[in-house]
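Following: one structure in C-alpha cells, then a few remarks.
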Amino acid sequence: MTEIILPVRDYDLEATLDSGQVFHWQQKGDSWIGVVSNRWVRLTKRPGEILAEAIAPQDWNWLREFLQTEVDLGKILKTFPDDEPMNAAVAACRGLRVLRQAPWECLASFILSSTKQIVQIRQVVSSLCECFGDELQPRPPEGPIYSFPRPEQIAGVTEAQLRNCKMGFRAPNLLAVARQIVEGDLDLEQIRRMDYSDARAELVKLRGVGGKIADCVLLFAYGFDSAFPVDIWVERALRQLYFPGRRVSEKRLRQFSATHFGPHAGYAQQYLFHYMRTKLN
DNA sequence: GCCCAGGTGAAGC
DNA sequence: GCTTCACATGGG
C-alpha cells in the first residue's frame with residue numbers, strides 16, 4: 001500500500017463523489033473507496049488536503065486528473081452570474097467539483113441513468129461491474145472490488161444477461177454502443193479532438209443518447225465546461241429560481257441556460273443540480 | 001396501488 | 001413545430 005497527500009483548497013470530496021457524476025464509489029466511515037483507471041483507491045478528506053491510498057502506483061497523475069485537484073475553483077466561481085439563485089447554490093455547496101472521468105465508463109453509466117434515481121443507477125452499475133468487470137487484486141479487506149467492464153466485456157454478452165442487472169429497456173442501448181466500439185465504428189478518443197457541437201452531434205447519434213446524456217458525457221468526461229445538462233432537477237431549478245410563476249417553454253430554458261451561465265456553465269449547472277436535490281427538498 | 005426518477009425515440013396532431 | 005406515450009425497475 002502506498003499513499004500520497006494531495007493539497008487542496010475548496011474541495012468538498014463528499015459532495016463531489018455524491019452528486020450524481022459517478023456511480024461506483026462506496027463511503028466507508030470518513031473515506032471513499034472506488035476504482036480510477038483500473039486502480040483501487042481510497043480517499044479521505046482532511047483539512048486542506050486529500051489523503052489517497054492505493055496498492056502500488058508509480059505516479060499519481062491519473063488521480064490528479066480524475067479529481068481535478070489542480071483546478072482553481074475560485075477562478076471558476078468568479079465567472080458565474082452574480083444573481084440570487086447562483087449565489088445561494090454556491091453558498092450551499094462551495095467546494096463541489098466537476099470530475100474528469102474516463103469517457104466509456106461515463107457514457108455507459110449515463111446510458112443506464114435515464115428515468116432512474118441516483119440510488120438505482122448505483123445499484124445497476126455495481127451489478128454490472130460485479131457481473132462483467134474484473135475483480136481487482138489483491139482483494140482489499142473491505143471486500144472485493146470490480147472494475148467497470150470494458151466494451152469488449154459487454155459486447156460479448158446477450159441482452160438478457162444485461163437485463164439481469166436490472167437495467168430494463170436500457171440494455172439494448174448499452175449493448176449496441178459497446179458493440180459499435182468493439183467493431184471500430186465508434187472511437188471515443190476521437191471525440192476528444194472535436195469541438196463541442198461536433199462532439200455533441202457524434203454522441204447524439206448513439207442509440208439511447210439524447211442531448212442530456214450527451215451533455216453529461218461532454219462535461220464529466222471530456223471537460224467541455226460549456227455543456228449544460230438539463231435533467232428534471234435542473235429544469236426544476238431553472239423554472240423555480242429564475243422564472244417563478246411564469247410559463248416558459250423548454251426551448252426558452254435551453255436558450256437561457258446556453259447564454260446566462262458563462263464559460264463554465266457546466267460547473268454552474270452542477271451547483272444548481274446539487275443545491276436543488278439536497279437543499280431544496 | 002400511486003407517483004416519480006440526472007431521458008429517449010417514435011407516433012400523433 | 002409541439003405533445004403524448006411506452007419503455008423496466010424500485011424507492012417513497
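In what follows, chains are A, B, ... by sequence order, proteins preceding strands, each numbered from 1.
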*Side-chain donor-acceptor pair under 3.5 Å between A/R170 and A/N173, yes or no?*
no
_Could you measure the distance from the CG atom of A/N38 to the CD atom of A/E105? Nearest 0.5 Å is fine._
9.5 Å
*Joint hydrophobic cluster, A/V22 plus A/F273, side-chain heavy atoms closer than 4.5 Å*: no
_A/I33 side chain reached by A/I145 side chain, heavy atoms, under 4.5 Å_ = yes
*Could you check A/T115 against A/V119 and say which one's nearest nucleotide on DNA chain C is further toward the 5' end?*
A/T115
*asked:* On DNA chain C, does the nearest nucleotide to A/Q117 precede the nearest nucleotide to A/K251 from the 5' side, or the other way round? Give the residue.
replied: A/K251
*Flag the pair A/D30 and A/R46 as a salt bridge only when some basic side-chain nitrogen lies within less than 4.0 angstrom of an acidic carboxylate oxygen.*
no
*Is it true that A/F148 and A/W25 have ring centroids separated by less than 6.0 Å?*
no
*If you measure from the Lys or Arg side-chain nitrogens to the Asp or Glu carboxylate oxygens, is any gap between A/R200 and A/D215 under 4.0 Å?*
yes
_Could you check whether any side-chain heavy atom of A/L43 comes within less than 4.5 Å of a side-chain heavy atom of A/L51, counting everything from C-beta outward?_
no
*asked:* Tell me whether A/E250 at atom CD has more than 12 heavy atoms from other residues, nucleotides or ligands lying less than 6.0 Å away.
replied: no
*Report whether A/L280 and A/V230 are members of the same hydrophobic cluster (ILVMFWY, side-chain heavy atoms less than 4.5 Å apart, transitive linking).*
yes
*Mind telling me whether A/W62 and A/W60 have parallel, tilted or perpendicular rings, with 30° and 60° as the class edges?*
parallel
*asked:* Using side-chain heavy atoms (C-beta onward) and a distance below 4.5 Å, is A/F169 in contact with A/S114?
replied: yes
*Is the CD atom of A/E84 crowded by more than 12 outside heavy atoms at less than 6.0 Å?*
no
_Just so I know, are the side chains of A/I154 and A/L162 near enough to count as touching, which here means a heavy-atom distance under 4.5 Å?_
yes
_For a 4.0 angstrom threshold against heavy atoms of chain A, report the outermost contacting nucleotides of DNA chain C in 5' to 3' order._
C/dC7 to C/dG11
_Can you pull out the residues from residues 200-228 of chain A that lie within a 4.0 Å heavy-atom distance of DNA chain B?_
A/L206, A/R207, A/G208, A/V209, A/G210, A/G211, A/K212, A/I213, A/F220
*Only one of A/Q270, A/H274, A/E14, A/R97 forms a side-chain hydrogen bond (donor to acceptor under 3.5 Å, both in side chains) with A/S19, so which one is it?*
A/Q270
*Is the count of non-hydrogen atoms from other residues, nucleotides or ligands lying under 6.0 Å from A/D83 atom CG greater than 12?*
yes
*asked:* Counting only heavy atoms and a strict 4.0 angstrom limit, can you tell me which residues of residues 254-274 of chain A come near DNA chain B?
replied: A/Q269, A/Q270, A/F273
_Please list, in numerical order, the residues of residues 153-181 of chain A that have a heavy atom closer than 4.0 Å to any atom of DNA chain C._
A/R163, A/K166, A/G168, A/F169, A/R170
*Under the side chain to side chain donor-acceptor pair (under 3.5 Å) rule, what pairs show up with a residue in residues 117-128 of chain A, not counting sequence neighbours?*
A/D18-A/R122
*Among residues two or more places apart or on two chains, list those pairs meeting salt bridge (charged side-chain N to carboxylate O under 4.0 Å, His left out) that have a residue in residues 36-45 of chain A.*
A/R42-A/E53, A/R42-A/E142
*asked:* Roughly how many Å apart are B/dG6 and C/dT4, using the P atom of each and rounding to a whole number?
replied: 23 Å
_A/Q120 CD - B/dG6 P separation (whole Å)_ = 8 Å
*Rounded to whole angstroms, how far apart are CD1 on A/I118 and C1' on B/dG7?*
14 Å
*Please list, by residue number, the residues of residues 234-244 of chain A whose heavy atoms come closer than 4.0 Å to an atom of DNA chain C; answer none if no residue qualifies.*
none
_Rounding to an integer number of angstrom, what distance separates C/dA8 and B/dA11 when you compare their P atoms?_
16 Å
_Expressed as a whole number of angstroms, how long is the span from A/R277:CZ to B/dC4:P?_
18 Å
*Excluding sequence neighbours, so at least two apart, what forms ring pair (Phe, Tyr, Trp, His ring centres under 6.0 Å) with A/F256?*
A/Y242, A/F243, A/H260, A/F261
*Which of residues 13-23 of chain A sit near DNA chain B, with a heavy atom under 4.0 Å from it?*
A/S19, A/G20
N/O to N/O distances under 3.5 Å, protein versus nucleotides 11-13 of chain B:
none

*Using salt bridge (Lys or Arg N to Asp or Glu O under 4.0 Å) as the criterion, list what pairs up with A/R192, not counting sequence neighbours.*
A/E189
*Under the side-chain hydrogen bond (donor to acceptor under 3.5 Å, both in side chains) test, residues paired with A/N87 that sit two or more places apart*: A/D82
